[in-house]
Structures are given as structure tokens and as C-alpha cells.
> 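The structure follows.
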Amino acid sequence: MQPRPSSAHWDSSRLPFDPAALERVLEPIETARGLPNEAYASEAFREWERDRVIAKTWFCIGFGRDVANFGDAFPSDVLGLPVLMLRRYDGTIGVFHNVCSHRGAQLVTQACSVKRRLRCPYHSWVYDLDGTLIGTPHIGGPRVNETPGFDKSEHGLKPVRSAVFWDMVFVNMSGDAEPFETFIKPLKDRWADFDMSRIRHPGEVGSLKLTVNCNWKLAVENYCESYHLPSIHPGLNSYSKLEDHYHIEEPGHFSGQGTHVYAPLLVEGGPNLPQFPDLPSKWDRAAEYASLFPNVLLGIHRDHYYAIRLEPVSLGVTREHLEIYYIDDASADPVFEPVKAANLKAWKTVFAEDVDVVQRMQLGRHSPGYDGGVFSPAMDGPTHCFHRWLAKKLLAG
């Protein structure tokens, strides 16, 4: 049973949401309501959200390390729209629509190395790593690989506007979002103390994947607030308590939380990991965690940085891809392996503790007894910041 429309003027044949419900999201936090149930439980809403919001902004589809070597290919998607990352000849990353220009077959279905050529499995049309169509076998008949009037240069892979930042690969499907530098500037400025050119990925000990039965937005909402810390994260709360946290709100861009007392003991007597150089003293014990809208969760510390890419697998399933990065080549010294392993284990514990509650929220979004909820003015500012971002985008669309 779905909640009834709250407005007699809501024409569900035209809109998958009640505009009045979104207007209530935009009210001051003291009186605002949250996003309506449709935002989490309606397929029609998901398509509208994809086409009118996600496709028109910068969306993370993977990491540079997913295509670490020349010729590596990595398929991803934007809420069902297939895209393909390729590491090109010059070391840069290109992103293309993951379909052959001939009959639309998906070219790559799993991460692989295509070496120097990408071959469609259907009729064997061949593309190079720049997306250029270079081979059309039998197009003119058996063993005739050319045909009059067909210009291969006009039928290469269709590029997708993309950008790489801190090893994250972003795309703008519509092609008309603001310049990427404008999009990322508020976050870049906030963390300008950190020289991110020094980050290094440690390999297997820096990666984790979790599949959660919830809409992707619930993962964002949960991550950006510290309100749930005492009840859900007892280990973390033992040294970084609720009162040690502060809110981060950059309307229209990101929201999250920070702590003044980051100092976990990962390995008794273990060596200290290499740190970002020349940090102001405030970062001796501080750490910050930001949800970069729409689908990236970030954490910055004096000795490591991580990014979580949220992959919306379906309306009610989200896959979380965590990548942890350490500082400088010195962090690859084997002496640090136990500390890095302990760090991955610690973060895995924290993120696993969130799974049950976000899945409970997803189930609750199907209840006619709930439709948006309310916010704590003191504790829910970052969550309301995210809701306002999406509500404004939806209403504009």
C-alpha cells in the first residue's frame, strides 16, 4: 500500500511525486518534512530522478584504479544507463556509452583488459582505445570489410563527458552540467590543507564492497549525520563521542560531520602511518566525513583518505565500493601492512554496523504510516541539507 497523495492537485500521470511534498522539504528545518516515500519506493520516481537530476550533475562511476593499466576496461552504469571506462594509450581515462554503434550490443560486461582493441562480441566491429571505429568485418559481404558511403570516423563509440578527481571518475550524462571545476571547488577548498597528489592505493588491503538492501539515498543520509553514533557505533563512540562531533553543511554541494578527537589505536605498539605533510595543528586530532552529492561518501584524516562510491543497483539495492588511500610511496613499506589491515577491518566494522538500520528505513518507506518524517534542528542539519538539494533539483526538473 502506497501513501495517498497529499495534494488534490497532484496529477500522478504526469509527475511521480507530489510537488507540495517537496516544497515542504524546503521549509526551515524546524517545520520541514523529509522526502516522501516515493523517493525511495517508486520506480517511476527513480526514472525521473535519474533523467532530471542524476544525469544533469556529476556522478561517480568508478575509480582510476579500476582501470590501472593501459587497455583496462571497466563497465559501470548510471542508474541503468551503461557506460564504459577505458585506460587510453596516453594513460588518460576515457568514458563512453557502453554500446556498439552497429546494433547496440553492450560491449563489456565485466572488468577486463582489452589490450589495444575493443571488439564487439556480436558482429566483431572493432574500436581502438580512443573509441574510434577501426574495423567493420564483412560489412560489405563475406570478406568485404568496407562498403560505399559508410564513413567509420562517424560511427565510433559515443563519448561521455567525464572528469577524474582524487582517483574518482565522474560523468555528466546530459553534457550540460556546470564545469567540473565549479562543481568540485567547494570541497577542494575545504580540504585544501591536504596535498592529494600524494595519495597512494595499497591494493587489496585498501578495498571493500558491501551490498545493502536500501535505496542509495538512505546510505547518504545515514553517512552524513552523527546522531546515530551512540546507538549504532559503540566502538567508535568509545573514543569519538557524539559531543565531539560537529556538522558540515555546504548547501547544494555536500554535507557531513567532523570530529575533534580522531585517534584510534589500530595496532598496539604499531608504527604510525605516513601523514600528509605540513598540516595545520587542527588536523592533529580532527577528521571529516562528507557526502558529496549525489553518490560519493568521503573521509579525510591526517594519515589516510577514503572514498565510497554508491552504486544504485536497483530501487532497493545499493552496492558500496570503498577505496582507502595512504600517503606517499613510503606507505607501501611492508612494516605498515598490519596497520593498514587493521584500518580496513575497523572501517568494515563501522560500515557493517549501519547495514541493519538503513535496511529498516527502506522497509519503512513502504508504510502508509510514514511519509517523510521530521528533523531534529540540533542533530539533522546535514540530512536536511541533502534533502533540500534533491528537492530543489526535482522541482527544477
Side-chain angles (χ1 to χ4, degrees), residues 47 50-184 294-295 309 311:
E47 289 188 14
R50 180 193 67 192
D51 297 341
R52 308 300 180 95
V53 179
I54 301 301
K56 292 181 175 294
T57 188
W58 290 97
F59 184 88
C60 183
I61 60 165
F63 297 90
R65 71 173 308 269
D66 293 325
V67 285
N69 303 305
F70 165 83
D72 283 355
F74 182 83
S76 188
D77 72 78
V78 180
L79 278 72
L81 306 178
V83 293
L84 178 65
M85 293 163 44
L86 284 173
R87 180 71 70 169
R88 295 183 288 212
Y89 304 105
D90 61 1
T92 60
I93 296 172
V95 181
F96 304 90
H97 290 278
N98 188 9
V99 289
C100 180
S101 298
H102 177 215
R103 301 304 305 151
Q106 187 167 335
L107 292 166
V108 178
T109 58
Q110 59 185 6
C112 63
S113 174
V114 298
K115 306 300 182 185
R116 294 178 174 274
R117 301 288 185 267
L118 182 61
R119 184 181 298 274
C120 176
Y122 194 9
H123 298 100
S124 291
W125 282 29
V126 181
Y127 304 86
D128 68 13
L129 299 183
D130 291 319
T132 302
L133 178 62
I134 58 175
T136 53
H138 313 301
I139 191 173
R143 295 179 297 280
V144 180
N145 301 331
E146 305 286 343
T147 191
F150 183 82
D151 184 351
K152 288 196 291 290
S153 68
E154 296 179 357
H155 298 281
L157 299 183
K158 304 305 185 289
V160 177
R161 188 183 181 204
S162 62
V164 182
F165 183 79
W166 295 353
D167 203 42
M168 297 176 286
V169 181
F170 293 84
V171 297
N172 167 223
M173 297 297 287
S174 68
D176 59 4
E178 62 188 341
F180 183 79
E181 282 301 320
T182 303
F183 164 80
I184 206 66
N295 74 315
R309 173 176 72 94
E311 177 191 358

> Do the side chains of F74 and V169 get nearer than 4.5 Å, heavy atoms only?
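No; the side chains remain at least 4.5 Å from each other.
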> Kindly compute the distance separating NZ (K152) from OG1 (T147), expressed to the nearest 0.5 Å.
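Output value for this atom pair is 10.5 Å.
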> Of the non-hydrogen atoms in P82 and D77, which two are nearest, and what is the gap between them?
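Taking every non-hydrogen atom into account, CA-CB, 4.1 Å.
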> Would you find a donor on one side and an acceptor on the other, under 3.5 Å apart, between the side chain of N172 and the backbone of T57?
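Flag set: sc N172 to bb T57 pair under 3.5 Å.
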> Calculate, to the nearest 0.5 Å, the distance between atoms CG and CG belonging to L157 and N98 respectively.
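Answer for the CG-CG pair, L157 versus N98, is 8.5 Å.
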> Just checking, is any N or O donor in the side chain of D130 or T132 under 3.5 Å from an acceptor N or O on the other one?
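Side chains of D130 and T132: no pair found under 3.5 Å.
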> Taking all non-hydrogen atoms of both residues into account, name the closest pair between C100 and Y127 and its distance.
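Heavy-atom minimum between the residues: SG-OH, 3.1 Å.
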> Tell me whether R161 contacts the main-chain N or O of A177 through its side chain, where contact means a donor paired with an acceptor under 3.5 Å.
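Here the side-chain-to-backbone pair exists.
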> Under the side chain to side chain contact (heavy atoms under 4.5 Å, CB included) criterion, do W58 and I184 qualify, and how do the steps go?
CA-CA 9 Å; W58 290 97; I184 206 66; over 6 Å; no
> Is there a side-chain contact between R116 and Y89, using heavy atoms and a 4.5 Å cut-off?
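Yes, side chains in contact.
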> I'd like to check I93 versus S162 (side-chain heavy atoms, cut-off strictly below 4.5 Å). Are they in contact?
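Not in contact.
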> Quick check against the 3.5 Å criterion: does S174 have a side-chain atom that pairs as donor or acceptor with the backbone of A55?
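Such a contact is found between S174 side chain and A55 backbone.
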> Run V160 and I61 through side chain to side chain contact (heavy atoms under 4.5 Å, CB included) and show every step you take.
CA-CA 12 Å; V160 177; I61 60 165; over 6 Å; no
> Any heavy-atom pair between the side chains of I54 and M173 that's under 4.5 Å?
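Side chain of M173 against side chain of I54, heavy atoms only: no contact under 4.5 Å found.
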> Report the C-alpha distance between F170 and F183 in whole Å, list the side-chain angles of each, state the deciding distance to 0.1 Å, and finish with yes or no for side chain to side chain contact (heavy atoms under 4.5 Å, CB included).
CA-CA 11 Å; F170 293 84; F183 164 80; 4.3 Å; yes
> Count the heavy atoms of every other residue, nucleotide or ligand shown that sit under 6.0 Å from NZ of K115, and state whether that count exceeds 12.
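12 or below, so no.
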> Looking at CZ of R87 and CG of D66, how far apart are the two atoms once the value is rounded to the nearest 0.5 Å?
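With rounding to 0.5 Å, CZ (R87) is 10.0 Å from CG (D66).
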> Give the C-alpha distance, both sets of side-chain angles, the deciding distance and a yes or no for side chain to side chain contact (heavy atoms under 4.5 Å, CB included) between H123 and I139.
CA-CA 9 Å; H123 298 100; I139 191 173; over 6 Å; no
> Determine the minimum heavy-atom distance between E178 and T182, stating which atoms define it.
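Result for this residue pair: OE1-CG2, 3.4 Å.
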> Side chains of V126 and S124: does their closest heavy-atom pair fall under 4.5 Å?
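They are not in contact (no side-chain heavy atoms under 4.5 Å apart), so the answer is no.
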> With side chains defined as the heavy atoms from C-beta onward, is the minimum distance between R309 and F63 less than 4.5 Å?
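Yes, at least one pair of side-chain atoms sits under 4.5 Å.
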> Do L133 and F150 have side chains that approach each other closer than 4.5 Å (heavy atoms only, starting at C-beta)?
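When only atoms from C-beta onward are counted, F150 and L133 do touch, with a gap below 4.5 Å.
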> Parallel, tilted or perpendicular, judged at 30° and 60°: which one describes the rings of W125 and H102?
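Parallel, since the angle between the ring planes stays under 30°.
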> Check V108 against C112 and note the closest heavy-atom contact, atom names and distance.
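It is CG1-SG, 4.1 Å.
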> Taking all non-hydrogen atoms of both residues, which atom of S101 and which atom of H155 are closest, and how far apart?
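Distance-wise, the nearest heavy atoms are OG-O, 3.0 Å.
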> Please examine the side chains of L79 and D51, heavy atoms only from C-beta on, and report whether any two atoms are closer than 4.5 Å.
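No, their side chains stay 4.5 Å or more apart.
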> Check whether H97 reaches the backbone of V83 with its side chain - one donor and one acceptor, N or O, closer than 3.5 Å.
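No; judged by distance alone, with no hydrogens or angles, the pair does not exist.
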> Can you name the nearest heavy-atom pair linking F70 to L129, along with the distance?
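Reported closest heavy-atom pair: CE1-CD1, 3.6 Å.
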> Okay, side chain of D72, backbone of S113: is any donor-acceptor separation there less than 3.5 Å?
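Not confirmed, D72 side chain does not pair with S113 backbone.
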> Say whether, by atom type as modelled, one donor and one acceptor occur between the side chain of N295 and the main chain of C60 under 3.5 angstrom.
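Yes; at least one donor-acceptor contact below 3.5 Å.
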